[in-house]
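The block underneath contains the structure these notes are about, expressed in structure tokens.
These numbers come from a predicted model, not from an experiment. Residue numbers start from 1 in every chain, and the chains themselves are labelled A, B, ... in the order their sequence lines are given, proteins ahead of strands.
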Amino acid sequence: MRYWLMKSEPSEYSIDDLARDGSVPWFGVRNYQARNFMRDQMRVGDGVLFYHSSCAEPGIAGLAEVATPAYPDATQFDPKAKYYDAKATVDSPRWFNVDVKIKKKTRLLPLSEIRGYPELANMRILARGNRLSITPVDPAEWRFILKTLGEKA
DNA sequence: GCCAACGTTGGC
DNA sequence: GCCAACGTTGGC
């Protein structure tokens with residue numbers, strides 16, 4: 001069982017959208033490192049911190065879990081899609097995604113608050129210049145965050 | 001809107 | 001394979 005932090009811009013897709021939909025394909029990842037995390041390391045049931053980025057109040061907005069193994073991202077094959085990739089083919093897909101399923105919307109744990117906890121000082125999200133949209137989360141960090149949010153582990 | 005950081009692209 | 005140019009991310 002692993003743990004992950006996955007960023008989404010709430011203006012694109014927010015924790016409320018996920019709460020409404022139940023689960024969603026995490027399409028549109030076009031970074032190889034993030035793709036590899038989904039394709040090679042994620043397992044059904046892995047814990048996910050749903051993070052709101054590029055917004056007024058960036059931070060962790062809810063808890064989710066990996067709901068499916070990785071499979072080819074459908075948007076790469078669609079010439080009309082924003083995430084179309086001319087170099088990808090059905091026989092040789094380049095991009096993959098898992099489905100992510102809601103566990104619960106929590107209170108917002110703002111980035112500014114995350115920065116204040118020594119227990120979370122090593123999180124990738126705090127590293128300067130970090131742009132990866134999917135990052136691994138240490139089990140101890142996961143437990144600390146759940147405790148801080150008043151959630152059971 | 002600014003700008004630092006960093007991944008990707010493409011000419012050589 | 002190098003590396004400058006370019007585009008994107010994301011907090012502020």
Checklist entry - Taking only side-chain nitrogens and oxygens of A/Tyr51, does any of them come within less than 4.0 Å of OP1 or OP2 of C/dT9? => result no

Item to check | Nucleic acid contacts - residues 116-134 of chain A versus DNA chain B, non-hydrogen atoms under 4.0 Å | outcome: A/Arg128, A/Gly129, A/Arg131

Next on the checklist: Need one value for A/Arg115: base, sugar-phosphate or nothing, where a base atom within 4.0 Å counts as base even if backbone is also close, heavy atoms only.
Outcome noted: sugar-phosphate

Checklist entry - Between A/Lys7 and C/dG10, is there a side-chain N or O to OP1/OP2 distance below 4.0 Å? => result yes

Next on the checklist: Is the distance between the ring centroids of A/Tyr32 and A/Trp95 under 6.0 Å?
Outcome noted: yes

Checklist entry - Looking only at atom types and distance, does a side-chain atom of A/Glu12 sit under 3.5 Å from a main-chain N or O of A/Glu9, one as donor and one as acceptor? => result no

Item to check | For A/Tyr117, ring-ring contact (aromatic ring centres under 6.0 Å, His included) partners two or more places apart | outcome: A/Phe144

Item to check | A/Phe50 ring center within less than 6.0 Å of A/Trp26 ring center | outcome: yes

Checklist entry - Picking from C/dG11, B/dT8, C/dG10, which would you name as closest to the side chain of A/Tyr32? => result B/dT8

Checklist entry - How close or far is atom P of C/dG10 from atom CE of A/Met6, stated in whole angstroms? => result 13 Å

Item to check | Rounded distance (Å) that lies between atom P of C/dG10 and atom CD1 of A/Ile60 | outcome: 15 Å

Item to check | Under 3.5 Å donor-acceptor, A/Asn31 side chain and A/Ala34 backbone | outcome: yes

Checklist entry - When the distance from NE2 of A/His52 to C1' of C/dG11 is rounded to whole Å, what number comes out? => result 16 Å

Checklist entry - Can you check the A/Asn31 CG to B/dT9 P distance for me, whole Å? => result 11 Å

Checklist entry - Do A/Ser8 side-chain atoms and A/Pro10 backbone N/O form a donor-acceptor pair below 3.5 Å? => result no

